[in-house]
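Shown next, in structure tokens, is the structure this report addresses.
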Amino acid sequence: MIVTPGIFTNRTTLDKKNPHFNPSFSGGLKKNLRIGEAVLREFNSEFPKINSPFRIGLSIELKKDVPKYQQLIPRLLNLETEKWRNIDTMRLQVNRFYLTLDSYIKNLSSEIIKNNYSANCDECGDILQYKVLKKGIPTHNISFRIMEKNTGKKKEYGSHVFTVFGLKKNGVATNPKTWGPEAVVVDAWDKTMPAFDAISTFKQRFGFNPDRHTMIYEEVPLDKALVSNVKNKFNAFISDVICY
């Protein structure tokens with residue numbers, strides 16, 4: 001199966017072969033929550049002890065000024081360093097081009113397990129999005145960044161990737177305000193939540209302050225590692241150069 005070029009959340013070869021695919025899917029909030037919970041249970045069964053160095057770093061950042069955690073922080077710093085080494089090793093084996101999403105997810109999953117279940121939210125998000133898409137449900141991986149208003153720089157440990165589905169018909173993936181009341185977020189770090197609760201949870205977890213910060217949302221395409229997509233972008237680049 002070679003997926004056609006473009007963002008995988010558009011209709012692709014995988015969608016066309018899936019008899020359950022429904023581009024206007026809307027299962028209602030309760031049904032969407034059940035689907036998200038089932039996907040997360042499956043994920044947690046396959047990866048029962050995901051170690052995220054970014055999450056460990058965020059924990060250190062939140063605890064660094066709390067007296068009762070001072071003895072714990074050196075151990076967390078050592079663990080963070082160890083898990084970043086695992087992540088680097090895993091990504092060396094995963095960061096290549098693939099003919100199919102199946103082969104990408106299979107290799108990614110295998111390397112996460114080989115490297116002591118080490119993965120950050122972007123790798124977890126790819127696997128979660130793939131699992132929802134295989135059910136025929138249009139799904140998006142969204143990255144947010146918390147930006148400092150006074151400097152324009154990203155807040156330290158102020159970013160995350162999560163999976164969302166159940167958007168209303170005209171919902172814009174990069175604008176949570178348009179997602180509608182049935183949208184559901186599946187977060188590998190936490191749980192399945194109504195999207196309107198999830199955004200509030202993320203702001204609290206990552207220390208968002210509306211007086212100091214703004215949030216930027218971007219969609220993360222699942223097909224970024226596919227040969228077909230890379231070839232398409234390369235051909236478009238060459239065409240631009242020739243036209244120029």
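F47 and Y117 have perpendicular rings, their planes meeting at more than 60° on a 0 to 90° scale where under 30° would count as parallel. The aromatic rings of F144 and F202 lie tilted to each other, with the angle between the two planes from 30° to 60°. F162 and W179 have perpendicular rings, their planes meeting at more than 60° on a 0 to 90° scale where under 30° would count as parallel.
Proximity of Q129 to V220: side-chain heavy atoms (C-beta onward) are nowhere separated by under 4.5 Å. The side-chain heavy atoms of S109 and I127, taken from C-beta on, include a pair separated by under 4.5 Å. Two residues are said to be in side-chain contact when any heavy atoms from C-beta on lie closer than 4.5 Å; Y104 and D126 meet this criterion. Side-chain contact between M215 and K203: present, with at least one pair of heavy atoms (C-beta onward) separated by less than 4.5 Å.
Note on residues 54-75: pairs passing side chain to side chain donor-acceptor pair (under 3.5 Å), not counting sequence neighbours, are S59-K63, E61-K64.
Listed here is the closest heavy atom pair of E123 and I112: CB-CD1, 4.2 Å.
Between atom CZ of residue R212 and atom CD of residue E148 there is a gap of 5.0 Å, rounded to the nearest 0.5 Å. Rounded to the nearest 0.5 angstrom, R145 CZ and K155 NZ are separated by 14.5 Å. Here the CD1 atom belonging to I113 is positioned 11.5 Å from the CE atom belonging to M90, to the nearest 0.5 angstrom. For the atom pair E182 CD and K31 NZ, the distance stands at 11.0 Å (nearest 0.5 Å). One distance of note links CZ of F206 with OG1 of T201; it measures 10.5 Å at 0.5 Å rounding. To the nearest 0.5 Å, atom NE2 of residue H213 and atom NZ of residue K154 are 11.0 Å apart.
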Going by atom type alone, with no hydrogens or angles, which donor-acceptor pairs under 3.5 Å involve a side-chain atom of residues 80-88 and a protein atom two or more places apart or on another chain?
| from | atom 1 | to | atom 2 | distance (Å) |
| --- | --- | --- | --- | --- |
| E80 | OE2 | Y157 | OH | 3.2 |
| T81 | OG1 | L77 | O | 3.1 |
| N86 | OD1 | S118 | OG | 3.3 |

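Scanning for side-chain hydrogen bond (donor to acceptor under 3.5 Å, both in side chains) contacts around E46 gives K131, with sequence neighbours left out.
For K106, the NZ atom counts as loosely surrounded, since its 6.0 Å shell holds 12 or fewer non-hydrogen atoms of other residues, nucleotides or ligands.
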